[in-house]
Number of protein chains: 2
Amino acid sequence: MADKPVPDIVVGRLPVYLRILNYLIDEGRYITSSQELGDRLGISSAQIRKDLSHFGEFGKQGTGYDVKYLRDQLQNILHINRRWPVVLVGAGDLGHALAHYRRFQDAGFDIVGVFDNDPEKIGQQFGRYVIQDVATMPGIIEEQNIKMGIIAVPPAAAIEVAKAMIKAGIVSILNYAPVTLMVPLGVRVQYIDPVAHLQHMAYYQNVDED
Amino acid sequence: MADKPVPDIVVGRLPVYLRILNYLIDEGRYITSSQELGDRLGISSAQIRKDLSHFGEFGKQGTGYDVKYLRDQLQNILHINRRWPVVLVGAGDLGHALAHYRRFQDAGFDIVGVFDNDPEKIGQQFGRYVIQDVATMPGIIEEQNIKMGIIAVPPAAAIEVAKAMIKAGIVSILNYAPVTLMVPLGVRVQYIDPVAHLQHMAYYQNVDED
DNA sequence: TAGATTGTTAATCGATTAACAATC
DNA sequence: TAGATTGTTAATCGATTAACAATC
């Protein structure tokens, strides 16, 4: 047996395909093609067909893909045909925006608790949430069998927070702190660092012409 | 001449190297090695040496790299040895967090204006900022020769906002809206989509064991 | 000098693209 | 049937890694 695992880079594109499919559904479309999907994403149709082929056959020759069917299949593949509870650590400005970010809800990710370690903040109302002591987080993760966590704390605290999350059972971490987390096998981390993106783009700024 | 351009994926790693170098400086370190940098990032030392070799020779055999020197060189390469003014569109929760995100300041990116199209919001205080009419944005971009913009508006509005930015002279866009922007040659877009990251990681969740 | 680490070359690995038979 | 588009194979392209001479 031992199927070769699907390349991670391919998995990472599925959410993007899913997004386009949802837009197509909103537009009332029933059928699409790898060509159309590629055009809307700025990638080749061949790549889309190749990517999908890792998971099965979803289209019909001469016709294309049934939009809703493909959407459902991608949701199954990604395990997002259900809701996922998520813990959030860090009750700052960023945490506030994340806690109330509509798209998490819409996509099936429910932030079930917001935690911080600042005694001034613990117990305070935080939009829809009440800020809880991060010390109580492990118990909640274990009781509710939560697998996903978001870190929105300063870099110095991020490593400890990640450790506590992992120890309690979290295996997927979305990390907004600009630190590389060393995690055991089986735990995934995705990083979001807007500063790195701006620095990356600054490289291409034509500084001579200024 | 026509030097081959440095691969974009290599450029994208420079900000990460820079981050580690800054941490090393904070720790009072003077010298480091590709081995140490790789260990702290979970990548191979060969990759670091190869990446740096695209830009020049920064180390000394037998010794390694002077931390501050390498840091300064990377800053020069990335054109971040100066401050960059940035416009921000979208005065929602996310915009609020971005407008006050310290790391932008620290890294030399100054948000010089926050814009929205909601008449209810225009003119309102927004933390340190006053929300301005997005219609006035192009004039400000042109007057101040601003090259970078951040989009934090709903998907439906993002395409128009990007168009206006680009027309006014923006060439680097950090886009938080979950839409692919079609941009002319010479304009760069970086996407941030936390939902896509969660969906990506959901793939690896072992759903059977639930 | 002996030890360490760079910068670079060549080998390997993996991802993307082109092309087309299959078939709806 | 003619036209269109898939799924897949093979070719191409590009990125990573291993290895080592150069040298501090």
Side-chain angles (χ1 to χ4, degrees), chain A residues 2-17 20-21 24 29-74 77 180 200 203-204, chain B residues 2-18 20-21 24 29-74 77 180 200 203:
Chain A
D3 285 332
K4 248 186 246 145
V6 176
D8 185 63
I9 198 165
V10 172
V11 177
R13 281 191 293 260
L14 298 189
V16 182
Y17 299 165
I20 300 287
L21 292 167
L24 288 170
R29 297 285 305 283
Y30 291 94
I31 297 291
T32 187
S33 66
S34 59
Q35 180 68 53
E36 179 177 47
L37 293 172
D39 287 349
R40 292 183 63 143
L41 290 168
I43 64 180
S44 77
S45 63
Q47 179 162 83
I48 288 174
R49 293 197 302 280
K50 184 104 229 270
D51 283 356
L52 296 178
S53 77
H54 286 97
F55 304 98
E57 307 188 358
F58 306 105
K60 231 189 269 193
Q61 282 103 327
T63 308
Y65 302 92
D66 182 291
V67 177
K68 276 194 180 152
Y69 176 75
L70 183 55
R71 192 261 311 255
D72 291 346
Q73 291 303 307
L74 291 185
I77 291 164
T180 301
H200 182 167
Y203 174 80
Y204 297 99
Chain B
D3 284 333
K4 248 186 246 146
V6 176
D8 185 63
I9 197 165
V10 172
V11 177
R13 280 191 292 260
L14 299 188
V16 181
Y17 298 166
L18 189 58
I20 300 286
L21 291 168
L24 288 171
R29 298 285 305 283
Y30 291 93
I31 297 290
T32 188
S33 66
S34 59
Q35 181 67 52
E36 179 178 47
L37 294 172
D39 287 349
R40 292 182 63 144
L41 290 168
I43 64 180
S44 76
S45 63
Q47 178 161 84
I48 288 174
R49 293 197 302 278
K50 184 101 228 272
D51 283 356
L52 296 178
S53 77
H54 285 98
F55 304 98
E57 307 188 357
F58 306 105
K60 231 192 267 192
Q61 281 104 325
T63 307
Y65 302 92
D66 181 292
V67 177
K68 276 192 180 150
Y69 176 75
L70 183 56
R71 194 262 309 256
D72 291 345
Q73 292 304 307
L74 291 184
I77 291 164
T180 300
H200 182 167
Y203 173 80

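Reminder, nothing fancy here: chain letters follow the sequence lines and each chain counts from 1.
Residue pairs satisfying the side chain to side chain donor-acceptor pair (under 3.5 Å) criterion with at least one member in residues 41-55 of chain A, sequence neighbours excluded, are listed as follows: Arg13(A)-Asp51(A), Tyr17(A)-Asp51(A), Ser34(A)-Arg49(A), Ser45(A)-Arg49(A). Under the salt bridge (charged side-chain N to carboxylate O under 4.0 Å, His left out) criterion, the residue pairs touching residues 34-46 of chain B are Glu27(B)-Arg40(B), Arg29(B)-Glu36(B), with sequence neighbours excluded.
Using a 4.0 Å cutoff on non-hydrogen atoms, no part of residues 5-15 of chain A comes near DNA chain D. Taken residue by residue, residues 32-47 of chain B places heavy atoms nearer than 4.0 Å to DNA chain D at Ser44(B), Ala46(B), Gln47(B).
The CD1-C1' distance, from Ile31(B) to dC24(D), rounds to 12 Å in whole Å. Between the CG atom of Asp51(B) and the P atom of dT17(D) there is a distance of 10 Å, given to the nearest Å. Here dT6(C) presents its P atom at 17 Å from NE2 of His54(B), a figure rounded to the nearest Å. Rounded to whole Å, atom C1' of dA4(D) lies 14 Å from atom NZ of Lys60(A). The nearest whole Å value for the distance from the CG atom in Leu52(B) to the C1' atom in dG7(C) is 10 Å. Per the geometry, CD1 belonging to Ile48(A) stands 16 Å off P belonging to dT8(D), to the nearest Å. When the C1' atom of dT23(D) is taken as reference, atom CD of Glu57(B) falls 11 Å away, rounded to whole Å. In this structure, Asp66(B) places its CG atom 15 Å from C1' of dC24(D), rounding to the nearest Å.
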Ignoring hydrogens and angles, write down the donor-acceptor pairs under 3.5 Å from the side chains of residues 60-74 of chain B, residues two or more places apart or on other chains.
unit_1: Asp66(B); atom_1: OD1; unit_2: Lys68(B); atom_2: N; d: 3.1
unit_1: Asp66(B); atom_1: OD1; unit_2: Tyr69(B); atom_2: N; d: 2.9
unit_1: Arg71(B); atom_1: NH1; unit_2: Asn22(B); atom_2: OD1; d: 2.9

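Atom OG1 of Thr32(A) sits about 5.0 Å away from atom CG of Leu24(A), to the nearest 0.5 Å. Here the CD1-CG distance, from Ile43(B) to Leu37(B), works out to 8.5 Å after rounding to the nearest 0.5 Å. Between the CD1 atom of Ile77(A) and the CG atom of Leu14(A) there is a distance of 6.5 Å, given to the nearest 0.5 Å.
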Below 3.5 Å between N/O atoms, which protein atoms pair up with nucleotides 20-22 of chain C? Just atom names and distances, please.
none

Could you list the protein-to-nucleotides 9-13 of chain C atom pairs, N/O on both sides, closer than 3.5 Å?
none

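Listed pair Tyr65(B) / dG7(C) meets the phosphate criterion, a side-chain N or O lying under 4.0 Å from OP1 or OP2.
Thr180(B) pairs by the side chain to side chain donor-acceptor pair (under 3.5 Å) definition with Arg19(A), not counting sequence neighbours. Looking at residues two or more places apart in sequence or on another chain, you find a side chain to side chain donor-acceptor pair (under 3.5 Å) between Tyr204(A) and Asp8(B).
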Using Watson-Crick and G-U wobble pairs with both distances under 3.5 Å, what is the 5'-to-3' dot-bracket string of DNA chain D, with [ ] for crossing pairs and | for pairs outside the strand? ..||||||||||||||||||||||
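Between Leu52(B) and Phe58(B), the shortest heavy-atom contact is O-CE1, 3.4 Å. What you find for Val16(B) and Gly12(B) is that their closest heavy atoms are CG2-O, 4.2 Å.
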